Amino acid sequence: MELIELRELQPEPRPGRGRLERTNALRISPARRPGPGPGPGAGAHPDPRLTAAPGAGHRFEPRRRGLHTWCDLCGDFVWGGGRKSLQCRHCSFTCHYRCRALVRLDCSGPPGAGDEDDGTEQALEKDTNVDEPGEWEKAELDQAQVEQRIKEYNSQINSNLFMSLNKDGSYTGFIKVQLKLVRPVSVPATKRVPSLQAGRPGPRAQGVKRRTSFYLPKGTVKHLHILSHTRASEVIDALLRKFTVVDNPRKFALFERSEKDEQVYLRKLADEEQPLRLRLLAGPSEKVLSFVLKENETGEVNWDAFTLPELHNFLRILQREEEEHVRQLRHRYARCRQKMQEVLATHTPG
């Protein structure tokens, strides 16, 4: 089992329990950004679907779901939805119109293809797209209640992934995150994999960042050792850095997953929510609560998360698009007016 552990976490080991789950831990300090670790291609063969030839099997169509997303090839923000981006009907690979010719990753097929269990799971899931926590998640615990909950939690688990109370009142523990990504992720291009710009590059190809796309294996699961005040956004950032993913973290979202009455419910966590606190409140049962990393395809864009230069750039793009729409509309009305005037000119009154 491979863990991602925050550097400042140093819980004392419990007597009589092994440390198998802590081997190969990647320590990530919340106070500073670490350098990239070994990527998913390190010591392994690259995704066989990545070829030097144009990607095969894709069926690209104008993207209709939502207005804004990130390009899976160049990584840049896509403004304008279907007028600016394409999406594969089968694998959901999304890119700018200009990036279509540079796609080298073969289509992975429709979600759940060849995986009966995954198809059943997809059919059961219901994305509530409600960021507001449930009533039980709003419970405020005092120090004595936290200590009691931790004791109850530790008594119910069958591994050494226990929670520990710290002297300052915070606590540490483990959460498991399942990565259920439909679209590919991107890592820095290396000499081991075919270049995205293989062949004679054109003017547009020269401006595209050198990145390598690949699909994460289905069922990928990672355990993280975190603090009670670790935020959902920090969990996402840690997972992406583990795989050396260079995609914008806002392309992804952390969801809580729960099962009730044979129905699977998902709720997107806000950036400031604390997953370990939710884990403590819910208990160790994964049917009551588990965590899933998915594409951030629901709801409105969180504009507060963008920098001021990015927002100014978006406003300029918005202004240009508005001016273009107005120009086209005026041209269309002018043509209609001209046609009607020509018809009127050929008919004399009476």
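All values below were derived from every heavy atom in this structure, side-chain atoms included, with hydrogens, water molecules and symmetry-related copies excluded. For reference, positions follow the sequence shown, starting with 1. These numbers were taken from a predicted model, which means no experiment stands behind them.
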- Task: Given side chain to side chain donor-acceptor pair (under 3.5 Å), test Gln338 with Glu342 step by step and report yes or no.
- Result: CA-CA 6 Å; Gln338 180 183 356; Glu342 289 175 355; 3.3 Å; yes
- Task: Please test Trp70 against Phe252 for side chain to side chain contact (heavy atoms under 4.5 Å, CB included), starting from the C-alpha separation and ending with a verdict.
- Result: CA-CA 10 Å; Trp70 281 264; Phe252 309 93; over 6 Å; no
- Item | Steps toward side chain to side chain contact (heavy atoms under 4.5 Å, CB included) verdict (Glu256, Ser290) | CA-CA 6 Å; Glu256 65 172 29; Ser290 60; over 6 Å; no
- Message: Go through it in stages, so that I can follow the logic: the residues are Phe60 and Gln87, the test is side chain to side chain contact (heavy atoms under 4.5 Å, CB included), and I'd like the CA-CA distance, side-chain angles, deciding distance and then a yes or no.
- Response: CA-CA 5 Å; Phe60 284 104; Gln87 188 169 58; 5.7 Å; no
- Item | side chain to side chain contact (heavy atoms under 4.5 Å, CB included) between Arg279 and Tyr153, intermediate numbers included | CA-CA 9 Å; Arg279 179 81 279 166; Tyr153 181 94; 3.8 Å; yes
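Surrounding CG of Asp168 are more than 12 heavy atoms belonging to other residues, nucleotides or ligands, all under 6.0 Å away. Enclosure of atom CD in Glu322 is not indicated, since only 12 or fewer non-hydrogen atoms of other residues, nucleotides or ligands lie within 6.0 angstrom.
Counting all heavy atoms, side chain and backbone alike, Pro249 lies closest to Asp237 at CG-OD1, 4.3 Å. Closest approach of Cys107 to Cys88, counting heavy atoms only: SG-SG, 3.8 Å. Closest heavy-atom contact between Tyr97 and Pro62: OH-CG, 3.6 Å. For Val187 against Phe243, the heavy-atom pair with the smallest separation is CG1-O, 3.5 Å. Leu165 and Ser170 get closest at one heavy-atom pair: CD1-O, 3.5 Å. Of all the heavy atoms in Ile157 and Leu161, the pair that sits closest is CD1-O, 3.5 Å.
Between Lys287 and Ser258, the closest side-chain pair of non-hydrogen atoms is not below 4.5 Å. Counting only heavy atoms from C-beta outward, the side chains of Arg277 and Leu141 never approach each other to under 4.5 Å. Taking the side chain as every heavy atom from C-beta outward, Leu105 and Thr212 never approach each other to under 4.5 Å. Considering only heavy atoms from C-beta on, Glu324 comes within 4.5 Å of Gln328 through its side chain. Looking at Arg149 and Met163, their side chains never come closer than 4.5 Å, going by heavy atoms from C-beta outward. With contacts defined as side-chain heavy-atom distances shorter than 4.5 Å, the pair Lys268/Asn296 qualifies. Looking at Val185 and Phe214, their side chains come closer than 4.5 Å, going by heavy atoms from C-beta outward. Side chains of Val246 and Pro188 form a contact here, defined as non-hydrogen atoms less than 4.5 Å apart.
In this structure, the separation between CG on Asp72 and OG1 on Thr94 is 5.0 Å, given to the nearest 0.5 Å. Rounding to the nearest 0.5 angstrom, the gap separating the CZ atom in Arg231 from the CG atom in Asp271 is 8.0 Å. To the nearest 0.5 angstrom, Glu140 atom CD is 9.0 Å from Leu281 atom CG. Annotation: the span from Ser186 atom OG to Leu240 atom CG amounts to 11.0 Å, rounded to 0.5 Å. To the nearest 0.5 angstrom, Asp247 atom CG is 9.5 Å from Cys71 atom SG. The line from CG of Leu266 to CZ of Phe291 is 12.5 Å long, rounded to the nearest 0.5 Å.
Of the N and O atoms on the side chains of Gln263 and Glu259, not one donor lies less than 3.5 Å from an acceptor on the other residue. Inspection of the Glu147 and Gln143 side chains reveals no N or O donor paired with an N or O acceptor under 3.5 Å.
Using a 4.0 Å cut-off between charged side-chain N and carboxylate O, Glu286 and Arg257 make no salt bridge. The residues Arg183 and Glu295 are annotated as not salt-bridged, no charged nitrogen and carboxylate oxygen being separated by less than 4.0 angstrom. Under 4.0 Å is where a charged nitrogen must lie from a carboxylate oxygen, and between Arg267 and Glu273 at least one such pair does.
Aromatic rings from Phe174 and His223 are positioned such that their centres are separated by 6.0 Å or more.
A distance-only check finds a donor-acceptor pair linking the side chain of Asp142 to the backbone of Gln145 [under 3.5 Å]. Within the 3.5 Å criterion, the main-chain N or O of Arg241 finds no donor-acceptor partner in the side chain of Thr244. Within the 3.5 Å criterion, the main-chain N or O of Tyr171 finds a donor-acceptor partner in the side chain of Ser228. No donor-acceptor pair under 3.5 Å is formed between the side chain of Arg335 and the backbone N or O of Lys339.
Checked options Glu61, Arg59, Arg100, His96; the residue passing with Leu86 is Arg100 (criterion: side chain to side chain contact (heavy atoms under 4.5 Å, CB included)). Of the residues listed (Leu239, Ile175, Leu293), the one engaging Lys222 in a side chain to side chain contact (heavy atoms under 4.5 Å, CB included) is Leu239, and it is the only one.
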